[in-house]
There are 2 protein chains.
Amino acid sequence: MVVESARARTLSHVDPAEVPLQSALDALADPVRRSILRDLATHDDWTRACGTFDLPVKKATASHHFAVLRSAGLIEQRDEGARRLNRLRREEFDRSFPGLLSATIDRAD
Amino acid sequence: MVVESARARTLSHVDPAEVPLQSALDALADPVRRSILRDLATHDDWTRACGTFDLPVKKATASHHFAVLRSAGLIEQRDEGARRLNRLRREEFDRSFPGLLSATIDRAD
DNA sequence: ACAACTGTACGACAAGGATCGAACACCATG
DNA sequence: CATGGTGTTCGATCCTTGTCGTACAGTTGT
């Protein structure tokens with residue numbers, strides 16, 4: 001029988017339709033988080049674990065940023081062994097905030 | 001000879017093309033400032049003085065928000081007597097950040 | 001069992017920014 | 001000129017949040 005691991009059970013994902021605009025903007029207003037999103041936008045889904053991003057912060061801080069992005073409905077995460085894989089929720093997020101993601105990451109800072 | 005008033009001389013406007021994305025997002029990430037922008041978007045240019053906005057903050061704070069919006073290239077201001085009139089710089093801002101303004105203010109919070 | 005690796009949780013710290021009161025400058029009007 | 005109205009500037013305060021070290025949990029491989 002296939003059972004969810006205890007770790008995966010802690011992963012709660014929100015419906016982007018329920019995310020306040022304030023949360024979405026707060027999530028997008030950080031350069032490290034935008035860097036993560038741009039990275040995800042240029043790679044296939046589920047191919048990037050949290051540790052594979054080249055970020056200018058320590059892992060505790062990176063973990064915090066991933067949590068913010070998840071709670072803003074911008075990314076989905078899934079555990080694969082010891083690693084946590086990521087996916088950009090482009091379609092879902094675009095449905096709730098048309099044009100916002102593109103306007104924010106399809107462009108240099 | 002027509003001379004700029006001392007007060008108007010303090011009014012510096014930036015080129016939206018020179019505004020960093022970070023500044024634009026920081027400006028848009030505040031609910032009071034979004035409220036100002038939505039108000040401007042639904043009124044004719046130069047018809048709203050700073051004091052005519054119904055804001056949940058004191059005037060010193062409101063003044064700060066107008067300054068942030070101006071420095072982010074989102075609004076233009078012009079003095080008319082004792083009052084400072086405002087205009088939403090929609091076209092200019094859209095040229096630099098396509099879709100960002102609409103995605104942010106064409107919607108409830 | 002043990003060690004190495006990945007990621008989170010928690011507490012602490014510092015920086016930034018939103019807020020306000022008070023003082024000030026400018027304008028208009030009596 | 002005096003008064004009232006509009007808006008800015010300056011400190012001070014408070015709160016949020018980005019940052020990190022450390023400790024911990026779960027996984028993988030030896």
Side-chain angles (χ1 to χ4, degrees), chain A residues 2-13 20 22-37 46-72 75-87 109, chain B residues 2-13 20 22-37 46-72 75-87 109:
Chain A
V2 177
V3 178
E4 249 183 347
S5 78
R7 189 146 169 264
R9 216 172 294 138
T10 73
L11 262 181
S12 70
H13 284 97
Q22 186 65 59
S23 303
L25 289 174
D26 286 342
L28 293 170
D30 182 276
V32 174
R33 291 194 285 265
R34 285 197 300 278
S35 147
I36 293 172
L37 295 176
W46 309 121
T47 59
R48 312 294 315 279
C50 295
T52 67
F53 292 77
D54 188 25
L55 302 176
V57 295
K58 301 300 176 189
K59 63 174 186 173
T61 303
S63 183
H64 162 67
H65 286 306
F66 281 103
V68 170
L69 289 173
R70 196 178 63 227
S71 75
I75 65 171
E76 185 181 352
Q77 299 189 297
R78 177 164 61 93
D79 286 339
E80 180 117 340
R83 302 189 313 174
R84 182 157 286 188
L85 304 181
N86 299 278
R87 176 181 84 85
D109 266 8
Chain B
V2 177
V3 178
E4 254 184 342
S5 78
R7 190 147 168 263
R9 216 172 295 138
T10 72
L11 260 182
S12 70
H13 284 97
Q22 186 65 61
S23 303
L25 289 174
D26 286 341
L28 293 170
D30 183 277
V32 175
R33 291 194 285 266
R34 286 198 299 279
S35 148
I36 293 173
L37 295 175
W46 310 122
T47 59
R48 314 294 315 278
C50 295
T52 67
F53 292 77
D54 189 26
L55 301 176
V57 295
K58 302 299 177 188
K59 64 175 183 172
T61 305
S63 183
H64 162 68
H65 286 306
F66 280 103
V68 171
L69 289 173
R70 197 178 59 227
S71 76
I75 65 171
E76 187 182 349
Q77 297 189 297
R78 177 165 62 96
D79 287 339
E80 180 118 339
R83 304 188 312 176
R84 183 158 285 188
L85 303 180
N86 300 277
R87 176 182 84 84
D109 265 9

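Just so you know, these numbers use all the heavy atoms, side chains as well, and skip hydrogens, waters and symmetry mates.
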Could A:Arg78 and A:Glu80 be called an ion pair, given the rule that one side-chain N must be under 4.0 Å from one carboxylate O? yes

Whole-Å gap separating P (C:dT8) and CG (A:Leu11): 8 Å

With respect to the phosphate group of C:dT19, does any side-chain polar atom (N or O) of B:His65 fall under 4.0 Å of OP1 or OP2? yes

Whole Å only: how far is the CZ atom of B:Arg78 from the P atom of D:dT6? 18 Å

Nearest to the B:Arg84 side chain among D:dG18, D:dT8, D:dG26, which nucleotide is it? D:dT8

How close or far is atom P of D:dG26 from atom CD of A:Glu80, stated in whole angstroms? 19 Å

Could you state the CG-C1' distance from A:Asp26 to C:dG17, rounded to the nearest angstrom? 13 Å

Would you say C:dG7 has OP1 or OP2 under 4.0 Å from some side-chain N or O of A:Arg83? no

B:Arg87 side chain to B:Gln77 side chain, donor-acceptor N/O pair below 3.5 angstrom: no

Let me know the distance between CG of A:Leu85 and P of C:dT8, rounded to the nearest Å. 12 Å

Rounding to 0.5 Å, atoms CG (A:Leu28) and CG (A:Leu37) come to a distance of 6.5 Å

B:Gln77 CD to D:dG7 C1', in whole Å, measures 10 Å

Near DNA chain D, counting only heavy atoms under 4.0 Å, which residues of residues 49-60 of chain A show up? A:Val57, A:Lys58, A:Ala60

Heavy-atom side-chain proximity of B:Asp79 to B:Arg83 below 4.5 angstrom: no

Pick from A:Asp30, A:Ile75, A:Asn86: which one makes a side chain to side chain contact (heavy atoms under 4.5 Å, CB included) with A:Leu69? A:Ile75

Would you mind reporting whether B:Leu11 and B:Arg70 have side-chain heavy atoms less than 4.5 Å apart? yes

Whether B:Thr61 contacts C:dC20 is assessed here as follows: a side-chain N or O lying under 4.0 Å from the phosphate OP1 or OP2. Is that the case? yes

Pi-cation contact, B:Phe53 with B:Arg48 (under 6.0 Å, within 45°): yes

Closest to the side chain of A:Arg33, out of D:dT19, D:dG18, C:dG7, is D:dG18

Between P on C:dC26 and CG on B:Asp79, what's the gap in Å once rounded to a whole number? 12 Å

Please give, in whole Å, the distance from D:dG18 C1' to A:Ile36 CD1? 13 Å

